[in-house]
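Quick notes on the structure that follows.
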Amino acid sequence: VFRLMSRKSMALSERIEVLSRRTIRDKLLCYFAIQAGRCGGCFTIPFSLSTLADYISADRSAMMREMRKMREEDLISTEGRSVTLL
């Protein structure tokens, strides 16, 4: 029971950390940094891109536009739901 509450608390604090960022880019970079820290530089987003947009409280099309800009600036590399921080 304690382990379950601990995991839930960690998940909520991570979400608060992501949502406290101001821009979509900052929210994405924060989320990606958390995931990369957990799994290494390359990871798979555990849910759909639409759900990711909901998770960071952003419009899906705006989030996808920002991810495209980040790819063009060589900040990230993506293939489907797999993301690599560069």
Side-chain angles (χ1 to χ4, degrees):
V1 174
F2 181 71
R3 199 173 285 169
L4 178 64
M5 289 181 0
S6 175
R7 283 189 200 133
K8 185 73 170 173
S9 175
M10 287 292 292
L12 288 172
S13 66
E14 288 174 358
R15 179 128 194 251
I16 290 169
E17 178 69 24
V18 170
L19 291 176
S20 69
R21 306 303 168 132
R22 189 169 182 150
T23 65
I24 293 172
R25 175 180 288 227
D26 289 342
K27 289 177 183 183
L28 285 170
L29 286 174
C30 181
Y31 177 76
F32 292 161
I34 290 169
Q35 292 297 316
R38 194 178 290 146
C39 306
C42 184
F43 61 92
T44 300
I45 299 171
F47 33 73
S48 71
L49 293 174
S50 295
T51 307
L52 176 60
D54 290 340
Y55 181 84
I56 66 170
S57 298
D59 181 64
R60 184 183 180 280
S61 61
M63 181 192 77
M64 296 303 291
R65 207 172 24 250
E66 195 60 47
M67 286 178 69
R68 187 188 67 225
K69 289 178 188 176
M70 292 166 66
R71 277 193 307 271
E72 291 170 354
E73 295 171 13
D74 291 327
L75 295 174
I76 63 170
S77 172
T78 61
E79 186 173 323
R81 292 184 352 211
S82 295
V83 178
T84 304
L85 286 178
L86 304 175

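Keep in mind that what you see is a predicted model, and the values were worked out from it rather than measured.
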- Task: Output, in order, the C-alpha distance, side-chain angles, deciding distance and verdict of side-chain contact (heavy atoms from CB on, under 4.5 Å) for R65 and R68.
- Result: CA-CA 5 Å; R65 207 172 24 250; R68 187 188 67 225; 3.7 Å; yes

- Do L49 and L19 share a hydrophobic cluster (ILVMFWY, side-chain heavy atoms under 4.5 Å, transitive)? no

- Would you say the side-chain atoms of R81 pair up with the backbone N or O of I45, donor to acceptor, closer than 3.5 Å? yes

- Message: Within this structure, what is the CG-CE distance for the pair D59 and M64, rounded to the nearest 0.5 Å?
- Response: 11.5 Å

- Show your working on side-chain contact (heavy atoms from CB on, under 4.5 Å) between L28 and M70 and close with a plain yes or no. CA-CA 10 Å; L28 285 170; M70 292 166 66; 4.1 Å; yes

- Message: Please verify the inter-ring angle class for Y31 with F43; under 30° counts as parallel, over 60° as perpendicular, anything in between as tilted.
- Response: perpendicular

- Item | Criterion side-chain contact (heavy atoms from CB on, under 4.5 Å) on I34 and C30, from CA distance to verdict | CA-CA 6 Å; I34 290 169; C30 181; 4.1 Å; yes

- Task: Heavy atoms only: give me the nearest S57-R15 pair and the separation to one decimal.
- Result: OG-NH2, 4.2 Å

- Query: In terms of heavy-atom contacts, does CD of E73 have more than 12 from other residues, nucleotides or ligands at under 6.0 Å?
  - Reply: yes

- Task: Supply the atom-to-atom distance L86 CG to L75 CG, rounded to the nearest 0.5 angstrom.
- Result: 7.5 Å

- Message: Counting C-beta onward and ignoring hydrogens, is there a side-chain heavy-atom pair between S50 and M63 closer than 4.5 Å?
- Response: no

- Message: With side-chain contact (heavy atoms from CB on, under 4.5 Å) as the criterion, how do R7 and M10 come out once you've worked through the C-alpha distance, each side chain's angles and the decisive distance to 0.1 Å?
- Response: CA-CA 5 Å; R7 283 189 200 133; M10 287 292 292; 5.7 Å; no

- Sidechain N-carboxylate O distance under 4.0 Å for R38, E14: yes

- Message: Strictly distance-based, threshold 3.5 Å: is any side-chain N or O of R25 a donor or acceptor partner for the main-chain N or O of E66?
- Response: no

- Distance col, row T78:OG1 vs F32:CZ, nearest 0.5 angstrom, shows 8.0 Å

- Note on the structure: Value for OG (S48) from CZ (R60), rounded to nearest 0.5 Å, stands at 8.0 Å

